[in-house]
Trainee: 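Structure below; questions to follow.
In listed order, ligands and their atoms are each counted from 1. Note that this is a predicted model, so its numbers are computed, not measured.
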Amino acid sequence: MRVIIKKNYDDCSIWVANYVADKINAAKPTAAKPFVIGLPTGSTPVGVYRELVKLCKAGAVSFENVVSFNMDEYVGLPHEHPCSYWHFMHDNFFNHIDIKPENINILDGMAADLSKECADYEQKIKNIGGIDLFLGGIGENGHIAFNEPGTSLSSRTRIKRLTKETREANARFFDGDLEQVPRLALTVGVGTIMDAREILIMASGRHKAEALRQTVEGGVSHMCTASVLQMHQYAAIVCDDDAAGEFSSRIVDYFKDIEYSELDFD
Ligand code: GLP
């Protein structure tokens with residue numbers, strides 16, 4: 001696993017956005033062979049989306065032949081609900097780039113048959129040939145997507161009950177009212193994320209430092225689902241100095257010493 005430590009949130013966002021644009025451009029995607037990207041929500045990726053919109057508007061990258069799969073969605077929120085991830089993604093990203101609406105995939109938390117919705121999502125990812133690059137954030141308890149502590153590390157897309165801790169952390173999007181935060185979500189599994197050819201997790205702020213320490217320096221454990229990234233050949237964490245605040249100084253020196261290079265990814 002690579003750890004890329006940048007000075008602050010903006011530097012992380014710019015670095016990740018340029019990395020994503022370079023990956024898309026290098027793949028030279030076509031309608032027949034699109035670039036397939038997995039996308040997160042939350043506060044962390046907002047800066048990356050802002051930078052990618054800029055790059056797209058400047059003609060430095062196009063999403064015309066990009067297919068996206070979002071990580072997760074709340075159960076019971078319609079698209080137009082301001083806290084639905086569907087709404088978040090369109091507001092922050094999709095409405096401002098040249099992606100084709102039919103290439104956007106987001107789990108439907110209002111589906112009549114939620115289990116079928118999850119199974120169909122997995123199948124759709126498989127049918128397109130898998131995800132090239134999965135971008136993600138990390139929860140304060142080390143979760144990726146909505147894979148809470150205790151999740152099977154080989155889990156697939158399914159319905160998941162959210163912990164109180166996660167609902168509390170996300171209550172800020174719901175006017176601070178915990179009761180409004182759904183108790184259930186649909187989420188890709190840890191196994192679904194691990195199947196991606198490459199994974200990039202972003203983290204910013206002191207409140208993410210302990211989760212990152214466990215992810216990088218702890219053992220692989222279902223109690224910190226992000227730690228499974230240690231088992232992936234092409235996984236990286238991009239974080240700022242604050243989020244790197246709990247790493248031992250040896251780890252910080254080590255990763256700061258290694259200039260980022262695809263050659264020594266794993
Ligand atoms: C939610 C999302 C995760 C996200 C996490 C952290 O639980 N399901 O995908 O990584 O929040 O969000 P934030 O970036 O707002 O801290």
Side-chain angles (χ1 to χ4, degrees), residues 6 8-10 12-13 16-17 37-51 68-77 81-89 91-93 105-107 109 118 121 131 133-151 155 157-176 178 180-190 192-194 196 199-212 214-215 224-229 235-240 242-245:
K6 297 279 160 197
N8 54 38
Y9 176 75
D10 283 343
C12 286
S13 303
V16 172
I37 192 162
L39 296 173
T41 54
S43 308
T44 313
V46 169
V48 174
Y49 294 147
R50 183 192 64 217
E51 294 302 322
S68 71
F69 285 87
N70 259 81
M71 287 187 138
D72 42 21
E73 177 60 286
Y74 289 114
V75 168
L77 299 189
H81 191 291
C83 295
S84 78
Y85 286 168
W86 191 98
H87 187 274
F88 172 96
M89 288 306 300
D91 203 29
N92 283 285
F93 196 36
N105 296 283
I106 303 180
L107 284 154
C118 294
Y121 206 68
I131 291 176
L133 174 62
F134 224 129
L135 290 184
I138 185 169
E140 286 175 47
N141 59 13
H143 71 237
I144 37 173
F146 267 136
N147 294 292
E148 297 281 35
T151 289
S155 53
T157 306
R158 69 219 181 288
I159 311 167
K160 195 75 189 154
R161 186 169 296 280
L162 302 179
T163 60
K164 188 162 177 248
E165 193 182 2
T166 294
R167 292 177 58 240
E168 278 167 355
N170 287 332
R172 66 189 192 280
F173 296 111
F174 293 81
D175 297 327
L178 182 63
Q180 282 185 47
V181 186
R183 289 181 156 72
L184 297 177
L186 304 185
T187 179
V188 294
V190 180
T192 321
I193 297 169
M194 286 294 280
I199 305 170
L200 210 59
I201 298 293
M202 301 166 278
S204 167
R206 197 71 178 81
H207 59 304
K208 298 293 174 75
E210 177 54 23
L212 279 197
Q214 280 189 36
T215 300
C224 171
T225 50
S227 64
V228 75
L229 296 178
I237 287 173
V238 184
C239 66
D240 58 15
D242 285 346

Trainee: For His143, is the nearest heavy atom under 4.0 Å from an atom of ligand 1?
Mentor: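 Judged by the 4.0 Å heavy-atom criterion, His143 does count as contacting ligand 1.
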Trainee: Heavy-atom contact check, 4.0 Å cutoff: does Glu140 meet ligand 1?
Mentor: no
Trainee: Tell me: protein heavy atom nearest atom 14 (O) of ligand 1, and distance?
Mentor: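 Answer, as residue, atom name and distance: Thr44 OG1, 2.4 Å.
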Trainee: May I ask you to list the atoms of ligand 1 that are less than 4.0 angstrom from any heavy atom of Gly137?
Mentor: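 Answer, ordered by atom number: 10 (O).
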Trainee: Regarding ligand 1, does Lys208 bring an N or O atom to under 3.5 Å of one of the ligand's N or O atoms?
Mentor: yes
Trainee: Quick check on Arg172 - does any of its heavy atoms sit under 4.0 Å from an atom of ligand 1?
Mentor: yes
Trainee: Give me the atom names and distance for the closest heavy-atom approach of Ile131 to Gly38.
Mentor: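 Result for this residue pair: CG2-N, 3.7 Å.
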Trainee: Just which atoms of ligand 1 are under 4.0 Å from any heavy atom in Tyr85?
Mentor: 1 (C), 2 (C), 8 (N)
Trainee: If we set the cut-off at 4.0 Å for heavy atoms, which region of Pro40 has an atom near ligand 1: side chain, backbone, both, or neither?
Mentor: neither
Trainee: Which atoms of ligand 1 have any heavy atom of Phe146 under 4.0 Å away?
Mentor: 1 (C), 7 (O), 8 (N)
Trainee: For residues Ile138 and Ala203, report the shortest heavy-atom separation together with the two atoms involved.
Mentor: CG2-CB, 3.8 Å
Trainee: For Tyr74, which of Phe88, Trp86, Phe146, Phe173 qualifies under ring pair (Phe, Tyr, Trp, His ring centres under 6.0 Å)?
Mentor: Phe146
Trainee: Please identify which atoms of ligand 1 are closer than 4.0 Å to at least one heavy atom of Asn170.
Mentor: 1 (C), 7 (O), 11 (O)
